[in-house]
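Since the structure comes first, as structure tokens, the remarks are kept for the end.
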Amino acid sequence: MLVENLMKKDVTTIKPYATLKEALQLMKEKNLKVLVVEKNYPSDAYGIITNTQILKAIVAEDGDIDLLNVYDLYKKPAFSVSSKIDVKYAAKIMIEHNIKRVVVTDNNELEGVLSITDLTNYLMTWVE
């Protein structure tokens, strides 16, 4: 099975210079744990920001996050895989690097996101 058959195609993105408050509002609105951070220019890389990263920043700043932007916290480049590879290779990368989510790109353009949950759900179909 290919990554394109398991990945989530409806991906919510955010600009790097958005505030953490905006990121949290977007996550709350869409019930998400992760946002893909947009590229600044065509040859740039995508980034990723998680609710855990934001929570750590809130704790570190004693709740005062008004001056922090997504840019201050996000991971860039995000680990990425092609939508055209077999899921076993994506799973191997994710397990070896202890990554919960990877950005799926083809020709450096965003196609989706693949998570450990997607892979686990796929594995569960083998036992049904």
Side-chain angles (χ1 to χ4, degrees):
M1 172 157 311
L2 298 179
V3 167
E4 68 185 354
N5 300 117
L6 285 185
M7 70 183 188
K8 299 276 188 292
K9 294 177 183 169
D10 184 22
V11 179
T12 302
T13 63
I14 193 160
K15 296 196 178 305
Y17 293 102
T19 65
L20 287 187
K21 188 178 252 182
E22 291 170 320
L24 277 174
Q25 287 169 335
L26 191 54
M27 287 175 166
K28 181 180 177 184
E29 224 174 80
K30 302 215 175 201
N31 195 29
L32 299 171
K33 296 178 183 175
V34 65
L35 297 171
V36 173
V37 183
E38 297 172 9
K39 301 185 295 184
N40 285 317
Y41 47 88
S43 61
D44 198 8
Y46 288 98
I48 199 163
I49 189 163
T50 66
N51 58 351
T52 304
Q53 289 169 297
I54 295 173
L55 178 60
K56 286 178 183 176
I58 291 170
V59 170
E61 298 296 324
D62 289 327
D64 186 13
I65 60 167
D66 291 328
L67 298 177
L68 293 174
N69 292 329
V70 169
Y71 181 84
D72 298 316
L73 297 181
Y74 79 120
K75 300 292 183 205
K76 178 180 167 182
F79 271 91
S80 65
V81 298
S82 168
S83 66
K84 305 299 183 195
I85 66 168
D86 193 296
V87 293
K88 67 183 176 186
Y89 299 118
K92 184 177 180 181
I93 290 168
M94 293 168 77
I95 291 166
E96 285 178 355
H97 295 283
N98 195 27
I99 301 168
K100 293 180 182 176
R101 292 168 195 86
V102 292
V103 175
V104 181
T105 59
D106 288 321
N107 298 318
N108 200 26
E109 290 305 318
L110 183 63
E111 299 292 328
V113 172
L114 181 70
S115 71
I116 286 289
T117 303
D118 298 329
L119 294 170
T120 303
N121 290 341
Y122 172 61
L123 283 177
M124 292 301 170
T125 64
W126 291 5
V127 294
E128 292 178 351

**Request:** Go through the steps for Lys100 and Thr50 under the test side chain to side chain contact (heavy atoms under 4.5 Å, CB included), then give the verdict.
**Result:** CA-CA 10 Å; Lys100 293 180 182 176; Thr50 66; over 6 Å; no
**Request:** With rounding to the nearest 0.5 Å, note down the distance linking CG in Leu24 to CG in Leu35.
**Result:** 9.0 Å
**Request:** Looking only at non-hydrogen atoms, find the nearest pair between Leu20 and Ala57 and report the distance.
**Result:** CD1-CB, 4.2 Å
**Message:** Take a 6.0 Å sphere around OH of Tyr89 and say whether it holds more than 12 heavy atoms from other residues, nucleotides or ligands.
**Reply:** no
**Prompt:** So how far is it from Lys8 NZ to Asp118 CG, rounded to the nearest 0.5 Å?
**Reply:** 3.5 Å
**Request:** Let me know which of Thr105, Asp106, Asn107 forms a side-chain hydrogen bond (donor to acceptor under 3.5 Å, both in side chains) with Ser82.
**Result:** Asp106
**Shortest non-hydrogen separation from Val3 to Ala90 and the atoms involved** = CG2-CB, 3.8 Å
**Item:** Heavy atoms from other residues, nucleotides or ligands near CG of Asn98 exceed 12 (cutoff 6.0 Å)
**Value:** no
**Asked** Would a hydrophobic clustering, with Ile, Leu, Val, Met, Phe, Trp and Tyr connected at side-chain separations under 4.5 Å, put Ile58 with Met27?
**Response** yes
**Asked** Under 4.5 Å between any side-chain heavy atoms of Val104 and Glu4, yes or no?
**Response** no
**Request:** Pick out which of Ile48, Leu114, Val113 makes a side chain to side chain contact (heavy atoms under 4.5 Å, CB included) with Val102.
**Result:** Leu114
**Fill in**
All heavy atoms of Ala23 vs all of Ile14, minimum pair found to be CA-CD1, 3.5 Å
**Prompt:** Does Ile99 share a hydrophobic cluster with Val34, counting links as ILVMFWY side-chain heavy atoms below 4.5 Å and allowing steps through other members?
**Reply:** no
**Request:** Nearest 0.5 Å please: distance from the OG1 atom of Thr52 over to the NZ atom of Lys33.
**Result:** 8.5 Å
**Request:** State which residues pass ring pair (Phe, Tyr, Trp, His ring centres under 6.0 Å) with Tyr17; sequence neighbours excluded, sorted by chain then number.
**Result:** Tyr71
**Prompt:** Is the backbone of Pro42 close enough, under 3.5 Å, to the side chain of Lys39 for a donor and an acceptor to pair up by distance?
**Reply:** yes
**Request:** With rounding to the nearest 0.5 Å, note down the distance linking CE in Met7 to CG in Leu2.
**Result:** 10.0 Å
**Prompt:** Between Asn108 (side chain) and Ala45 (backbone), is there a donor-acceptor pair under 3.5 Å?
**Reply:** no
**Request:** Over all heavy atoms of both residues, which pair between Lys76 and Tyr46 is shortest? Give the atoms and the distance, please.
**Result:** CG-O, 4.1 Å
**Message:** Check for me, please, whether Val81 and Met1 land in the same ILVMFWY cluster - side-chain distances under 4.5 Å, paths through other members count.
**Reply:** yes
**Request:** Measure from the side-chain N and O atoms of Glu111 to the backbone N and O of Ser83, and report whether any donor-acceptor pair falls under 3.5 Å.
**Result:** no
**Message:** For Leu119 versus Met94, what's the shortest heavy-atom pair and its separation?
**Reply:** CD1-SD, 3.7 Å
**Prompt:** Who passes side-chain hydrogen bond (donor to acceptor under 3.5 Å, both in side chains) against Lys9, sequence neighbours left out?
**Reply:** none
**Asked** Is there a path from Ile85 to Leu123 through hydrophobic residues (I, L, V, M, F, W, Y) whose side chains come within less than 4.5 Å of each other?
**Response** yes
**Prompt:** Taking only residues two or more places apart in sequence, or in another chain, which ones meet Lys30 in a side-chain contact (heavy atoms from CB on, under 4.5 Å)?
**Reply:** Thr12, Leu26, Leu32
**Asked** Do you know which two heavy atoms are closest between Pro16 and Asn69, and how far apart they sit?
**Response** O-CB, 4.1 Å
**Asked** Counting N and O atoms only, with roles assigned by atom type, does the side chain of Asp72 sit under 3.5 Å from a partner on the main chain of Leu68, one being a donor and the other an acceptor?
**Response** no
**Request:** Using the rule that two of Ile, Leu, Val, Met, Phe, Trp, Tyr join whenever any of their side-chain heavy atoms come within less than 4.5 Å, decide whether Tyr74 and Ile54 are in one cluster.
**Result:** yes
**Prompt:** How many angstroms lie between CG in Asp86 and NZ in Lys92, if you round to the nearest 0.5 Å?
**Reply:** 12.0 Å
